[in-house]
Amino acid sequence: MGWEGWLTIAVVLSVLGGLVSGRASPVGILFSGLAVLITTTAISGTERLLTPAAAAEGFGSSGLITVGLLFVVAAGLTRTGAVALIANPLIGRAKGLRSAQWRLLTPVAGLSAFLNNTPIVALFLPVVDDLARRLQLPASRLYLPLSYAAILGGTCTLIGTSTNLIVNDLLRTQNAAPGLALFDLAWVGIPVTLTGLAYLLIASPWLLPDRRDVTADRLDPRRYTVEVEVTADGPLVGKSIAEAGLRHLPGLFLAEIERGGRVIPAVGPTEQLQGTDRLVFVGVLESVVDLHKMRGLKPATDAVEDLEEPRRERCLVEAVVSEACPLVGRSIRAGRFRERYEAAVIAVARGGRQLPGKIGDIVLRPGDTLLLETHPSFLERQRDARDFYLVSGVEDSAPPQHEKAWLALPILIGMVGLATTPWVSMLNAALLAAIALIVTRCMDLGEAIRNIDWNVLLVIGAALGIGQAMDNSGAATAISSQVMALTADRPMLTLAAIYLLTLVATELVTNNAAAVLIFPVAMAAAESLGVSATPFVIAIMIAASAAFATPIGYQTNLMVFGPGAYRFTDYLRFGLPLNLIVMTMALLIIPRVWPL
C-alpha cells in the first residue's frame with residue numbers, strides 16, 4: 001500500500017471523527033472528505049485515489065437514484081392516504097412505546113424479507129412521525145428501531161437486500177457455483193431477526209435517548225374550534241370514538257356531537273359514529289391538521305365544496321383578522337367570506353376557548369385566528385393586505401386525496417411485483433411507479449420534487465465516493481491481507497475474521513461496497529484452506545447487511561439520521577451490542593448448517 005492508501009485511511013478516520021463529534025452536518029463532513037481526495041488526485045496526477053469522474057459516479061449510481069424515486073413513491077402513498085390504509089390496521093391500536101414498537105417492527109421485519117429495505121423504511125417514515133405525535137412518544141425511540149428491523153428482516157431471504165443478490169451473483173460468476181436458493185439464508189436470518197427484535201424492544205428505552213424538543217412539547221396556546229362531518233357510508237360509520245382514533249390526537253378533545261338536530265355533550269369513548277354526524281373539536285393546530293387528513297371525515301362547512309380549485313391543489317393557511325378587515329362584526333356566512341377571499345374557514349381560534357355555534361355563524365373579531373382551506377396563491381394576495389395582521393402557510397397541509405388511495409395501492413403492489421422479476425430492476429420499477437403516481441394525479445410533479453430528501457441522497461453519494469477511494473488506493477486490500485495473515489490454516493478463525501472484516505468495512509464504506517471488496521479475499525481464503533466457499537459467502541451476506549453501529553453503514557440508517565435527530569454516538573451505543581449479538585449467533589449457526 002502506497003501513500004495513497006494511507007491518505008485514504010486518514011480521510012476515512014477524519015470523516016468518522018467529524019461524524020462522531022456532531023459539530024458539522026454529515027453532508028458537510030463527507031463532502032470535505034471528497035474534496036481532499038479529489039484535490040490530492042488533481043495535484044499529484046495519480047489515479048489511485050479519486051478522480052472527479054469516479055466521485056461523480058456515486059451520485060449517479062442506480063442505488064442512489066432508486067432511493068430518490070422511493071421518496072417520491074412514499075410521498076404519493078402518503079398524499080393519497082394509502083399509507084394510512086396499510087399502517088392503521090397494524091399500529092392503529094398501539095397504546096405505549098412497547099406496544100407501538102411491537103406493532104411497527106414486526107410487520108416491517110416481515111416485509112423486509114421479501115421487499116427491498118429502502119422502500120419499506122421510506123414508506124414507514126411518515127407513519128412513525130404520526131405515531132410518535134399521536135401517542136406523544138419520542139420519535140428517536142422509533143426511527144432507529146425501524147431501520148434496524150428492516151435490516152434484520154432483509155437477512156432472511158436471498159431477495160431481502162441488494163447486497164445478498166450482488167454477492168450471490170459474484171458467487172455464480174466468479175466461483176462457477178450454482179448460487180443460493182431463496183430461503184437458504186433463513187437458517188441464519190430467522191434466529192437472528194427474532195433475537196434482534198427482542199433486543200430492540202428491551203434495550204431501546206435504556207439505550208436510545210429522548211430527543212424531543214422540550215419547546216415543541218408545550219402545546220400551542222391557540223385552541224381552534226373545528227367542525228368535521230362523518231362521511232355517509234365512510235369507513236368510520238359504526239365505529240366508536242376510540243376505535244376511530246379520535247381520542248388519541250394530542251391537544252385535541254371532542255367537545256360535542258350534533259346528530260339530527262340533537263347535541264350530545266361530554267362524548268364518551270364508546271359512542272358510535274353515524275353518517276353525517278357533525279363533530280366539534282377544540283385543539284391545537286397540528287392535531288387539527290391531522291384531523292383534516294383523516295379518511296372518513298370532511299369539513300362540515302359547505303364552503304369547502306364550493307371553492308373553485310380542485311382539492312388536490314389547496315393547502316391550509318393561518319390568518320389573523322385585523323381591525324381593518326371589513327368582515328369584523330359580521331358572521332363568516334353573512335360576510336360571504338368564501339366569495340370575498342376565495343377561501344373557506346374550517347376552524348377559528350379565540351382566546352383558547354370553544355366557540356359556540358357553527359363555524360359559519362361565528363361573528364369575527366379583531367385578533368381571531370382563522371384556519372383556511374384555499375389555494376396557495378392566497379398567501380401572495382393577502383400577505384401585504386390590511387385585512388389580516390398575519391398570513392402564513394401551514395406546512396404539509398394539503399388535503400389528502402382519499403379517493404386516489406385505491407389507485408396508489410395497486411401502483412405500489414405493481415412496483416413490488418415488477419422488482420421481484422428477473423427482467424425489471426428496482427430502479428426501473430420505482431421509476432415506473434413514480435411516473436404512474438404523477439400521471440394518475442395522485443400527486444403533481446412539484447410535490448414529487450419537494451418530497452425528495454436531498455440531504456440523504458447527498459450523504460449516500462459522498463459515502464460511495466469515499467468507498468471507491470478505499471478500493472482504488474489499495475487501502476481495503478492491504479487491510480484485508482494483514483487480517484488474513486493472522487488466521488492462516490484456521491478455518492473457524494478465518495470465518496470469524498471474514499465476518500469481522502466485512503462488518504468493519506460495511507460500517508466505514510456502506511454494505512454493497514464492503515461486500516464487493518471482501519468477496520475476493522474470502523474466496524482466496526476458502527481456496528487456500530481447501531474448504532467450501534459457501535460459509536464465507538453467507539458470512540459476508542450477514543455481516544454486510546447487519547451493520548448497526550454507524551449511520552453510513554447502511555442507507556436506511558442514513559435515512560433516519562435526520563428525522564430522529566440522532567448523533568453518531570447513538571448508533572454506537574445502541575447498534576454495537578446488536579452487532580455483537582448478530583455476529584455471535586451467525587458464527588455459531590453458519591458452520592453447523594454449512595460445515596467448513
Do [X] and [Y] come close enough that some side-chain heavy atom pair is under 4.5 Å?
{"X": "I346", "Y": "Y224", "answer": "no"}
{"X": "P145", "Y": "L208", "answer": "yes"}
{"X": "V280", "Y": "E258", "answer": "no"}
{"X": "I241", "Y": "I257", "answer": "yes"}
{"X": "V128", "Y": "L125", "answer": "no"}
{"X": "E243", "Y": "L273", "answer": "no"}
{"X": "L407", "Y": "L437", "answer": "no"}
{"X": "L390", "Y": "E318", "answer": "no"}

Item to complete: For the pair Y571 and Y566, name the ring-plane relationship: parallel under 30°, tilted 30 to 60°, perpendicular over 60°.
Response: perpendicular
Separation between [atom1] of [X] and [atom2] of [Y], rounded to the nearest 0.5 Å:
{"X": "L254", "Y": "E271", "atom1": "CG", "atom2": "CD", "value": "9.5 Å"}
{"X": "T276", "Y": "K298", "atom1": "OG1", "atom2": "NZ", "value": "9.0 Å"}
{"X": "L327", "Y": "Y341", "atom1": "CG", "atom2": "OH", "value": "4.5 Å"}
{"X": "L285", "Y": "L252", "atom1": "CG", "atom2": "CG", "value": "11.0 Å"}
{"X": "R103", "Y": "L131", "atom1": "CZ", "atom2": "CG", "value": "10.5 Å"}
{"X": "L34", "Y": "F59", "atom1": "CG", "atom2": "CZ", "value": "5.5 Å"}

Worksheet item: Does the pair L297 and L236 meet the rule for a side chain to side chain contact (heavy atoms under 4.5 Å, CB included), with working shown?
Response: CA-CA 8 Å; L297 297 177; L236 299 186; 3.7 Å; yes
Practice prompt. Mark yes when over 12 heavy atoms from residues, nucleotides or ligands other than R381 sit less than 6.0 Å from its CZ; otherwise mark no.
Written response: yes
For the side chain of [X] and the backbone of [Y], is there at least one donor-acceptor N/O pair under 3.5 Å apart?
{"X": "R338", "Y": "L307", "result": "no"}
{"X": "E342", "Y": "H375", "result": "no"}
{"X": "S322", "Y": "D387", "result": "yes"}
{"X": "T556", "Y": "V121", "result": "no"}
{"X": "T80", "Y": "C442", "result": "no"}
{"X": "T369", "Y": "V320", "result": "no"}

Worksheet item: Does Y143 have its ring centroid less than 6.0 Å away from the ring centroid of F574?
Response: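 No, they do not, as the ring centres are separated by 6.0 Å or more.
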Show the nearest heavy-atom pair for residues [X] and [Y], with the distance to one decimal.
{"X": "T106", "Y": "W102", "value": "OG1-O, 2.9 Å"}
{"X": "A319", "Y": "F388", "value": "CB-CD2, 3.7 Å"}
{"X": "P356", "Y": "I362", "value": "O-CG1, 4.3 Å"}
{"X": "I264", "Y": "R262", "value": "CG1-NH1, 3.7 Å"}
{"X": "P366", "Y": "E323", "value": "CB-CG, 3.7 Å"}
{"X": "K404", "Y": "T440", "value": "NZ-O, 2.9 Å"}

Worksheet item: Can you list the steps and then say if N428 with W423 is a side chain to side chain contact (heavy atoms under 4.5 Å, CB included)?
Response: CA-CA 10 Å; N428 194 353; W423 308 287; over 6 Å; no
Fill in: Worked verdict on L279 versus L246 for side chain to side chain contact (heavy atoms under 4.5 Å, CB included)
CA-CA 10 Å; L279 314 180; L246 297 176; 3.9 Å; yes
Worksheet item: Do N557 and S147 have a side chain donor and acceptor closer than 3.5 Å?
Response: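 Yes, side-chain donor-acceptor contact under 3.5 Å.
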Worksheet item: What's the verdict on side chain to side chain contact (heavy atoms under 4.5 Å, CB included) for L364 and L370, showing C-alpha distance, side-chain angles and the deciding distance?
Response: CA-CA 9 Å; L364 295 179; L370 311 180; 3.8 Å; yes
